[in-house]
Amino acid sequence: MGSLMSPPLPPPSAEYRMYTAFCARTPSSHTKVCNWIESYNPSDNSRNCVGPIPGITAKHVLKGFAMVAVGDSIYIIGGRLCYKEEAEDGHGKEVNLAVLPTVRKYSVSTQEWSQCTPLSTPRFDFACTACDNKIYVAGGQCSLASGRGVSSAEMYDPAMDGWSPLPDMSTLRYKCVGVTWQGKIYVVGGFAERGDSNGRTVTFAIERSSAEVFDLCRGEWDLMVRMWRLDVPPNQIVAVNNKLYSSGDCLNTWKGHVESYDRKLNIWNSVDGSHRRSFFSSSSDPMNDANQRIYLTMAPVGTQLYFLAGYCLEGDTYRSVSVVHAFDTSARREEEAWTSMEPIEEEGEKELCSHCCVIQLS
């Protein structure tokens, strides 16, 4: 690879694992095209295949689902089931089959899968986040026949294995992002609109750059106008040390820097020292080259933002490279902010199906 890697990060005080869901990017006749889960250990830069997500038959794949961690368990929630038709060039047509309410649980300690109570409303491309050992979902799409989002929301209690309805948001939205911040549930951006009904007349106003905030104490939603500032939905938003961070949107998953949210000014600012142009010694920077990068997901651990990325090898559809970059939000000097781990070559190219979630093992 001819890469220039940074010195490895010191091991964190606690043991963490990052879990990510994938499917094959370019399936062939001998590929089953099902989803699988991988884990990443930041202490030694190692990867492990947890195994397939159960209940998905050969040549089918689940997309648009949420993966969230509570305690020592991972939950796979909802999604749209697709069938991949084969083609001679390896890029078969993707056919949507159904929107699922299914909830699956993987216990990291026992390494066992189990079925949980399904969602009250089947949905995909929805916001999901965990707070106080409970899971909150909102928005998304519940039908393949409609291009409109929904306003419904619900909460899952793992201890009771049950879902409880929440008040509807004031907006219909999908491809929105969920994050827990300052004790509240934020549903940010997405393709959103507000519906007002007056007799036979229904009007819709675009609300894409807004956010809905659920106050757990009051049990009510509040609309935050222009929290995201873009019509394009965010890619990911995570909380670190009481601050919100983002690095891109759905069209450009890496903007070339990390941004933090200023609540008082209601604006996203570039974080000092986060601009990064070269992780490799080559003139091409994979993290800035959307054509070469095939996936990117962000995971918060302590003060670090880990970026798990995959790159295709030029001219080779059967090999790819996985590499992890880490940005320290507490670094005082720019040269200390970024660390890049040793890249690992892999067979085939894989597609990210859900963003990363983190479990603390000790």
Side-chain angles (χ1 to χ4, degrees), residues 19-38 49-68 74-106 113-128 135 137-154 156 161 163 172-178 190-192 233 235 250-251 294-295 297 310 317 348-357:
Y19 292 86
T20 316
F22 295 100
C23 69
R25 189 179 184 214
T26 52
S28 60
S29 58
H30 60 273
T31 305
K32 291 187 177 180
V33 199
C34 61
N35 304 81
W36 69 88
I37 305 293
E38 294 183 10
C49 182
V50 173
I53 298 176
I56 304 174
T57 57
K59 298 187 180 180
H60 290 70
V61 66
L62 188 66
K63 292 187 175 182
F65 60 89
M67 185 166 70
V68 63
I74 299 167
Y75 293 83
I76 306 294
I77 304 172
R80 57 182 173 91
L81 186 65
C82 312
Y83 177 77
K84 202 82 166 181
E85 293 181 344
E86 293 182 18
E88 292 182 0
D89 60 359
H91 298 278
K93 181 181 178 182
E94 190 175 275
V95 180
N96 291 320
L97 299 178
V99 183
L100 302 182
T102 314
V103 179
R104 301 174 177 90
K105 171 185 172 183
Y106 176 75
W113 286 93
S114 58
Q115 200 85 0
C116 301
T117 300
L119 288 160
S120 300
T121 301
R123 63 184 81 212
F124 67 98
D125 289 344
F126 56 95
C128 180
I135 299 172
V137 302
Q141 292 179 276
C142 62
S143 170
L144 296 174
S146 173
R148 179 157 287 162
V150 298
S151 60
S152 65
E154 48 191 307
Y156 177 75
D161 186 28
W163 291 90
L172 316 172
R173 63 179 70 219
Y174 67 97
K175 282 193 176 296
C176 40
V177 171
F191 298 112
N235 182 47
C250 284
L251 295 181
I294 53 180
Y295 70 85
T297 182
T317 60
E349 294 180 5
K350 54 193 181 185
E351 179 181 347
L352 185 72
C353 293
S354 182
H355 283 300
C356 192
C357 66

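Count residues from 1 along the sequence. Just the heavy atoms: all of them, side chains too, but no hydrogens, waters or symmetry mates, feed the values below.
Proximity of Val177 to Pro233: side-chain heavy atoms (C-beta onward) are nowhere separated by under 4.5 Å. The shortest side-chain heavy-atom distance between Ile53 and Tyr106 does not fall under the 4.5 Å cut-off. Side-chain contact between Arg104 and Gln115 is present, with at least one heavy-atom pair separated by less than 4.5 Å. Considering only heavy atoms from C-beta on, Ile37 comes within 4.5 Å of Met67 through its side chain. Taking 4.5 Å as the limit, some side-chain heavy atom of Ile77 sits within range of a side-chain heavy atom of Phe126. Side chains of Ile76 and Trp113 form a contact here, defined as non-hydrogen atoms less than 4.5 Å apart. By the 4.5 Å heavy-atom criterion applied to side chains, Leu144 and Gln141 are not counted as neighbours. Counting heavy atoms from C-beta outward, Leu62 and Thr102 have side chains that stay 4.5 Å or more apart.
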Kindly indicate, with the supporting measurements, whether the criterion side-chain contact (heavy atoms from CB on, under 4.5 Å) is fulfilled by His355 and Asn235.
CA-CA 9 Å; His355 283 300; Asn235 182 47; 3.2 Å; yes
How far apart are the C-alpha atoms of Asp125 and Phe191, what are their side-chain angles, what is the distance that settles it, and do they pass the side-chain contact (heavy atoms from CB on, under 4.5 Å) test?
CA-CA 10 Å; Asp125 289 344; Phe191 298 112; over 6 Å; no
Passes side-chain contact (heavy atoms from CB on, under 4.5 Å), Thr20 versus Tyr295? Steps please.
CA-CA 11 Å; Thr20 316; Tyr295 70 85; 5.7 Å; no
What's the verdict on side-chain contact (heavy atoms from CB on, under 4.5 Å) for Lys59 and Tyr83, showing C-alpha distance, side-chain angles and the deciding distance?
CA-CA 6 Å; Lys59 298 187 180 180; Tyr83 177 77; 3.9 Å; yes
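Taking every heavy atom of both residues into account, Cys34 and Pro52 meet most closely at SG-CB, 4.3 Å. Closest heavy-atom contact between Gly149 and Leu172: O-CB, 3.5 Å. Contact record, Cys116 with Tyr75: SG-CE2, 4.0 Å, taken as the closest heavy-atom pair. When every heavy atom of Cys353 is checked against every heavy atom of Asn35, the shortest pair comes out as SG-ND2, 3.4 Å. In plain terms, the two heavy atoms of Ala138 and Cys176 that are nearest each other are O-SG, 4.0 Å. Considering every non-hydrogen atom in both Ser120 and Trp163, the closest pair reads OG-CB, 4.1 Å.
Here CZ of Phe22 is found 10.5 Å from CD of Glu351. Values are rounded to the nearest 0.5 Å. Here the OG1-CD distance, from Thr121 to Glu154, works out to 5.0 Å after rounding to the nearest 0.5 Å.
For Arg123 (side chain) and Ser152 (main-chain N/O), a donor-acceptor pair under 3.5 Å exists by modelled atom type. Between the side chain of Ser354 and the main chain of Ala21, no donor-acceptor pair closer than 3.5 Å is present.
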